[in-house]
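Data first, discussion second: the structure below is written as structure tokens.
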Amino acid sequence: MRFLIVKRRWLIYTGLSLVLIMCSILFFRPNALPVDGNTDVEHDLYTFHMVTGEFSSKTENGGEIESYRWDPGTIVVPKGEEIKLSILGVNGKEHPFFIEGTNAKGVVKKGEETILTLKFSKEGTYRLICTAHPDKDHNGPMIGYIVVD
Ligand SMILES: [Cu+2]
């Protein structure tokens, strides 16, 4: 029976070699490993995107229920920074809206992008409310939440 004898020193040398190889790869090609937070999109840091969406379903007695939504339903934005909110109309013909506690308002139309420039000076949660679909009796609630932090 033959045994392969592995000396502790070999393991250490092998480990050190691997570390050295990894370091030289990173030194010569710093983008070789995927890194979170690659800042190529820095200019877009304060642009927030939403779309208008729709849920629909049939009830047991054959009725239809539907609800329009902002998607994502919540965004977190920085306080005191100018941000852009871009909303693309996908579902629903038209969504007139306002942001509670501000004078921001507008309309999102199907196939069009509505872009607002906003700056919140106070922390808090602001509701983005579609006046055509504000609650369940009007195919809503189409209410989004803008958390200013
Ligand atoms: Cu709406």
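If you read the sequence from its start, that first residue is 1, and numbering goes on from there. The structure presented is a predicted model; accordingly, all values stated were derived computationally and were not measured.
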Exercise for the section: Taking D135 for its side chain and D137 for its backbone only, find out whether a donor-acceptor pair lies under 3.5 Å. Expected result: yes
Practice task
Any chance you could measure M142, atom CE, to C130, atom SG, to the nearest 0.5 Å?
Solution key: 5.0 Å
Problem - Atom pair CG (N139) and OG (S67), whose distance is rounded to the nearest 0.5 Å - result: 7.5 Å
Problem - Taking every non-hydrogen atom, the tightest pair across P72 and M50 - result: O-CE, 3.3 Å
Fill in the blank from the handout: For E64, the salt bridge (Lys or Arg N to Asp or Glu O under 4.0 Å) test, sequence neighbours excluded, returns K58
Exercise for the section: To the nearest 0.5 angstrom, please state how far the CG atom of N91 sits from the NZ atom of K110. Expected result: 6.0 Å
Practice task
Identify the two heavy atoms, one from E123 and one from K79, that lie closest to each other, and give their separation to 0.1 Å.
Solution key: CG-CD, 3.5 Å
Exercise for the section: Without swapping roles, check the side chain of T117 against the backbone of K84 for a donor-acceptor pair under 3.5 Å. Expected result: no
Problem - N61, CG atom: more than 12 neighbouring heavy atoms under 6.0 Å - result: yes
Problem - Nearest-0.5 Å distance, CG of residue L85 to CD1 of residue I115 - result: 9.5 Å
Exercise for the section: Taking the side chain as every heavy atom from C-beta outward, state whether F98 and N103 have any atom pair closer than 4.5 Å. Expected result: no
Completion exercise
Value for OG1 (T52) from NE2 (H133), rounded to nearest 0.5 Å, stands at 9.5 Å
Practice task
State, with a plain yes or no, whether a side-chain heavy atom of T74 is found less than 4.5 Å away from one of V147.
Solution key: yes
Practice task
Return yes if some donor-acceptor pair links the side-chain N/O of R69 with the main-chain N/O of V51 below 3.5 Å, else return no.
Solution key: no
Completion exercise
When every non-hydrogen atom of I83 is compared with those of P78, the smallest separation belongs to CG2-CD, 4.0 Å
Practice task
Under the side-chain contact (heavy atoms from CB on, under 4.5 Å) rule, what do K109 and K93 come out as? Steps first, then yes or no, please.
Solution key: CA-CA 6 Å; K109 294 177 180 168; K93 191 175 160 209; over 6 Å; no
Handout entry: Within-4.5 Å side-chain heavy-atom neighbours: E100 and I129
Key = yes
Handout entry: Shortest non-hydrogen separation from I87 to W70 and the atoms involved
Key = CG2-CZ3, 3.7 Å
Completion exercise
Heavy atoms of E94 and V107 approach each other most closely as CG-CG1, 3.4 Å
Practice task
Evaluate the side-chain contact (heavy atoms from CB on, under 4.5 Å) criterion for residues L20 and L18: first the C-alpha distance (whole Å), next the side-chain angles of each, then the deciding distance (0.1 Å), finally the verdict.
Solution key: CA-CA 5 Å; L20 195 65; L18 285 176; over 6 Å; no
Problem - Y145 ring center near Y126 ring center (under 6.0 Å) - result: no
Practice task
Specify the closest pair of heavy atoms between F48 and I75, including all atoms of both residues, with the distance to one decimal.
Solution key: CB-CD1, 3.9 Å
Problem - side-chain contact (heavy atoms from CB on, under 4.5 Å) evaluation trace for V148 with K122 - result: CA-CA 7 Å; V148 178; K122 269 176 71 176; over 6 Å; no
Practice task
Would you sort out whether I99 and L118 count as a side-chain contact (heavy atoms from CB on, under 4.5 Å), showing the intermediate values?
Solution key: CA-CA 10 Å; I99 300 174; L118 303 166; 3.8 Å; yes
Exercise for the section: Please work out whether the ring planes of Y68 and H95 are parallel, tilted or perpendicular, with thresholds of 30° and 60°. Expected result: perpendicular
Exercise for the section: Evaluate the side-chain proximity of L128 to F97: yes if any heavy-atom separation is below 4.5 Å, no if none is. Expected result: yes
